[in-house]
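Okay, so here's the structure we're looking at.
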2 protein chains.
Amino acid sequence: MAAINKQSLDQSRLECDTCGAKSCCIGEGLTNEQLQGLKKITTNHGPFQPGQAIFKMEDSFKSLFVIQSGTVKIETVSPEGSNLVDGFFFKGDLIGMEAIGGEQYLHDAIALEETWVCELPFDHVESLCSFIPRLQHKILILLGQKIRHMNETFLHGRYLSAEQRLLLFFQMLCHKNVITKNGPSRSLTLPMPKGDIASYLGLRAESLSRALGKLQSDGIIFNRGRTIEFLDIDAVLKLACK
Amino acid sequence: MAAINKQSLDQSRLECDTCGAKSCCIGEGLTNEQLQGLKKITTNHGPFQPGQAIFKMEDSFKSLFVIQSGTVKIETVSPEGSNLVDGFFFKGDLIGMEAIGGEQYLHDAIALEETWVCELPFDHVESLCSFIPRLQHKILILLGQKIRHMNETFLHGRYLSAEQRLLLFFQMLCHKNVITKNGPSRSLTLPMPKGDIASYLGLRAESLSRALGKLQSDGIIFNRGRTIEFLDIDAVLKLACK
DNA sequence: CGATCAATTGAGTGTGTTCAATGTCAGTGG
DNA sequence: CCACTGACATTGAACACACTCAATTGATCG
């Protein structure tokens with residue numbers, strides 16, 4: 001793992017009870033006493049700068065990580081040598097679950113923005129689960145959700161056109177509250193390069209670019225560098241295209 | 001769930017200690033005493049005939065199922081109405097994990113051959129986990145494996161050609177010991193129609209047929225109806241094609 | 001034996017890819 | 001201030017692979 005320094009960010013945001021990721025963390029719903037037990041086994045790390053690794057494939061699997069703030073991509077290297085982006089994760093997401101039961105991590109986890117994470121040593125979590133049924137339940141639920149999410153994204157995504165995949169991606173961002181839906185602007189500055197999005201969607205950068213062009217000429221979005229403006233958010237959410 | 005009768009099959013194969021799926025079941029590695037605890041919460045069901053459902057999407061999620069004998073596919077109905085096969089499962093496999101944390105099952109589970117299953121009510125399993133750390137560990141491992149398997153199959157599969165996907169499918173069968181690797185014949189009678197395989201691989205039946213034809217003309221397999229003979233098993237395992 | 005469903009084969013089409021060229025933007029140094 | 005650089009993004013033209021649709025063959029079963 002990369003060298004770690006604690007600095008800058010308001011320390012209070014890293015405490016469980018005041019953590020920004022509190023509501024979606026695995027500790028959600030625990031009593032204060034239980035939360036203290038959980039807090040004992042965790043450690044905070046950050047800030048990771050864009051491009052820095054939170055963990056790498058070569059690292060042996062020891063911990064899960066909750067993203068307290070920032071954005072992270074996970075990626076592997078394909079047999080041909082190019083990078084395959086397997087997922088994007090945001091505040092409150094738990095990463096590293098793919099490695100449970102394995103020796104090493106399955107991906108590199110790379111920060112896309114300045115990012116803080118909370119480390120949960122897995123064997124400690126497991127022990128704690130035996131004493132806190134609610135925690136065990138929560139972990140199982142999260143794993144089930146992860147499976148369902150992969151199922152939707154990858155299984156059903158593969159029958160969609162480039163345009164539909166892109167819309168699905170925007171929907172995901174919306175669901176993660178990354179797009180400011182309420183304001184009048186409804187815009188978004190992508191935390192990741194477009195090449196990463198293309199890879200994640202199983203497309204070439206060129207195809208993604210054309211899909212973006214198509215949506216723009218249809219008046220659904222306005223695409224300017226890393227900023228996307230959503231002119232017709234309903235069209236995006238309906239996936240009614242094509 | 002479909003009507004259930006116990007009959008025919010040698011009853012002893014349904015007992016935990018003599019079950020054909022014993023070595024890969026979630027009970028693997030438990031003490032005899034613990035196994036008795038597990039046995040108390042399970043019930044056997046079968047035989048399911050080809051086409052019969054073990055569970056359906058409409059059913060509310062209550063249980064996981066271990067396949068004691070037979071073969072099962074899981075499938076969903078696409079928005080357009082066609083069936084999408086999401087997986088094949090064999091003796092010893094645990095099915096229903098996608099539904100953990102959800103209200104209903106995510107798929108229909110359909111028997112492809114005469115099939116017997118062992119039902120594990122999930123809330124009972126969860127309670128038992130708190131008392132048997134090894135069981136909790138095993139479940140977590142299985143969920144992790146499931147995630148890894150989906151990751152490999154669907155994420156990396158989507159960059160492969162029809163031929164490569166087919167070879168990957170054969171490798172999977174090999175890994176599941178469905179192909180008789182040792183005998184001189186090295187043949188296989190597919191338990192599922194080719195259309196199901198095509199769907200699983202994200203292809204049309206026609207494309208699968210052509211891929212099979214290509215492998216045959218390359219002298220790697222001999223394709224005759226539902227029987228496949230592997231003339232060059234090494235080529236299959238190497239995925240060196242294309 | 002015809003009926004039905006699965007599997008195969010053929011011809012033509014289309015979506016995304018490939019490869020190469022051009023454009024945009026931020027950062028750097030003269 | 002402007003030219004240069006390098007990473008990222010866009011655009012164009014030709015191609016490839018799997019798709020679509022239709023016709024044919026094969027297998028199974030009453």
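Chain A is the first sequence line, chain B the second, and so forth, proteins listed ahead of strands; every chain is numbered from 1. Predicted, not measured: the structure shown is a model, and the values here were computed from it.
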Across the strands shown, which category fits [X] at heavy-atom distances under 4.0 angstrom: base, sugar-phosphate, nothing?
{"X": "B:G225", "value": "nothing"}
{"X": "A:G213", "value": "nothing"}
{"X": "A:L208", "value": "nothing"}

Quick one: which of [options] gets closest to the side chain of [X]?
{"X": "A:P193", "options": "C:dT17, D:dA9, C:dA7", "result": "D:dA9"}
{"X": "A:L203", "options": "D:dC19, C:dA7, C:dG16", "result": "C:dG16"}
{"X": "A:E206", "options": "C:dA6, C:dC19, D:dC8", "result": "C:dC19"}

Nearest whole Å is fine: how far is [N] [atom2] from [X] [atom1]?
{"X": "A:L215", "N": "D:dT10", "atom1": "CG", "atom2": "C1'", "answer": "15 Å"}
{"X": "B:N223", "N": "C:dT9", "atom1": "CG", "atom2": "P", "answer": "9 Å"}
{"X": "A:L160", "N": "C:dG14", "atom1": "CG", "atom2": "P", "answer": "20 Å"}
{"X": "B:R204", "N": "D:dA22", "atom1": "CZ", "atom2": "P", "answer": "15 Å"}
{"X": "B:L201", "N": "D:dC19", "atom1": "CG", "atom2": "C1'", "answer": "16 Å"}
{"X": "B:R158", "N": "C:dT17", "atom1": "CZ", "atom2": "P", "answer": "10 Å"}
{"X": "B:E163", "N": "D:dC17", "atom1": "CD", "atom2": "P", "answer": "10 Å"}
{"X": "B:L212", "N": "C:dA7", "atom1": "CG", "atom2": "P", "answer": "10 Å"}

Position toward the 5' end of DNA chain C (nearest nucleotide), B:D196 or A:R224: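 Comparing both residues, the 5'-ward one is B:D196.
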
Separation of B:T189 OG1 from B:I179 CD1 (nearest 0.5 Å): 11.0 Å

Ring-plane angle category for B:Y105 and B:F65, please: parallel below 30°, perpendicular beyond 60°, tilted otherwise. tilted

Near B:E58 CD, under 6.0 Å, is it more than 12 heavy atoms from other residues, nucleotides or ligands? yes

Donor + acceptor pair across side chains of A:N223, A:Q216 (<3.5 Å): no

With distance as the sole criterion, is a donor-acceptor pair present between the side chains of A:E98 and B:N151 under 3.5 Å?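 On atom types as modelled, these side chains do not qualify, holding no pair under 3.5 Å.
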
Measuring to OP1 and OP2 of D:dT11, would you say a side-chain N or O of A:R210 lies under 4.0 angstrom away? no

Distance check: side-chain N/O of A:S209 vs OP1/OP2 of D:dT10, anything under 4.0 Å?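 Affirmative; the distance criterion is met.
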
